[in-house]
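I have placed the structure first, in the form of structure tokens, so that the comments after it can refer back to it.
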Amino acid sequence: TVFPEPGLSILRSYEAHLIKLNRSQKTGNKNKVKKIFIVGDRWELVPLTIAAYNNHVEIFHQSGGDYTLGSKDNLYRNLISTLSEILVFK
């Protein structure tokens, strides 16, 4: 589980965790993040998606293409889908 680090924005905190994991791979740790599966479309997932995209992590997004009339989640869903490599439909 990744929690935001004190003093960092949510985006910078997620990026810091991804960078730490990927750098540890150079020291023999085989836990490099290569793919991430995003389920949902809430605003909390946007920083994680941007951090993964900026660090060349392949993104899979479930719920891409859904539409909820009058919901702000449509914007977040479209952003996550745009940054994703693969969309998974229900």
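Position 1 is the first residue of the sequence, and the numbers go up from there.
The side-chain hydrogen bond (donor to acceptor under 3.5 Å, both in side chains) test applied to S81 returns H61, not counting sequence neighbours.
Side-chain contact between I36 and F60: absent, with no pair of heavy atoms (C-beta onward) separated by less than 4.5 Å.
Of all heavy-atom pairs spanning I59 and Y53, the tightest one is CD1-N, 3.8 Å.
Not one N or O on the side chain of N78 forms a donor-acceptor pair closer than 3.5 Å with the backbone of L75.
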Using atom types as modelled, flag every donor-acceptor pair under 3.5 Å from a side chain in residues 40-52 to any protein atom, sequence neighbours excluded.
unit_1, atom_1, unit_2, atom_2, d
D41, OD2, R77, NE, 2.7
D41, OD2, R77, NH2, 2.6
R42, NH1, D73, OD1, 3.4
R42, NH1, D73, OD2, 3.3
T49, OG1, L45, O, 2.8

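Note that CG of L83 is 10.0 Å distant from CD1 of I38, once rounded to the nearest 0.5 Å. Distance check, rounded to the nearest 0.5 Å: NZ of K34 to NE2 of H56 gives 15.0 Å.
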